[in-house]
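Following: one structure in structure tokens, then a few remarks.
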Amino acid sequence: VLDAIHTVLDGGVYFSPDMKQRVLLQVGESSDGEVPPDLTLLSNRELEVFQLIGRGRQTREIADSLNLSVKTIETYRGNIKAKLKLDTSTDLICRAVRWAVEQGLQ
């Protein structure tokens, strides 16, 4: 419970191990043949943040590892969502995880 609380307070989304497995299975099954938005729209830093999101890093962890503020990472997340035409943070996480799995980064 404390892990979940800390994750949410750090700006992340908490998934239990069981829910993570379900999300990953759904991500793998949800390819509807639609071509994903082009990741070349992202700047190098945005792509780096996107990759870290896909690897399951929380906003605070990303900020610390890149020596940036949480607010800056939140801005990058918003920019990534806009460029990739994603509506929610959950959409962003799912897309980033799918990409990371495709790239073998997990």
For this session: Identify the two heavy atoms, one from T88 and one from K81, that lie closest to each other, and give their separation to 0.1 Å.
Result: O-CD, 3.7 Å
For this session: Tell me yes or no: between the side chains of S69 and T72, is some donor less than 3.5 Å from an acceptor?
Result: yes
Problem set entry | Atom pair NZ (K85) and CG (L41), whose distance is rounded to the nearest 0.5 Å | 7.0 Å
Seminar exercise, completed: Value for CD (E48) from CG (N44), rounded to nearest 0.5 Å, stands at 8.5 Å
For this session: Decide yes or no for I62 and Q58: does some side-chain heavy atom of the first lie under 4.5 Å from some side-chain heavy atom of the second?
Result: no
Exercise. Would R60 and D64 count as a side-chain contact (heavy atoms from CB on, under 4.5 Å) if you check the C-alpha gap in whole Å, the side-chain angles of each, and the deciding distance to 0.1 Å?
Worked result: CA-CA 6 Å; R60 167 68 60 195; D64 290 344; 3.5 Å; yes
Exercise. Do I53 and R95 come within less than 4.5 Å of each other through their side chains, counting heavy atoms only?
Worked result: no
Exercise. Atom CG of L68 and atom OG1 of T59: how far apart are they, to the nearest 0.5 Å?
Worked result: 12.0 Å
Problem set entry | CZ-CD1 distance between R57 and I73, expressed to the nearest 0.5 angstrom | 13.0 Å
Problem set entry | Charged N-O contact under 4.0 Å between R77 and E74 | no
For this session: Nearest 0.5 Å please: distance from the CG atom of L52 over to the CG atom of L66.
Result: 6.0 Å
Problem set entry | Test applied, side-chain contact (heavy atoms from CB on, under 4.5 Å); reference residue, K83; option that passes from T40, L42, L39 | L42
Exercise. Does the E102 side chain pair with the main chain of W99, one donor and one acceptor, at a distance under 3.5 Å?
Worked result: no
Exercise. Considering only heavy atoms from C-beta outward, does the side chain of F50 approach that of L84 to under 4.5 Å?
Worked result: yes
For this session: Considering non-hydrogen atoms only, spot the tightest contact between A100 and G54 and give its length.
Result: CB-O, 3.6 Å
Exercise. Roughly how far, to the nearest 0.5 Å, is the CG atom of L92 from the CG atom of D87?
Worked result: 11.5 Å
Exercise. In the single-linkage hydrophobic clustering (I, L, V, M, F, W, Y; side-chain heavy atoms under 4.5 Å), do V70 and Y76 co-cluster?
Worked result: no
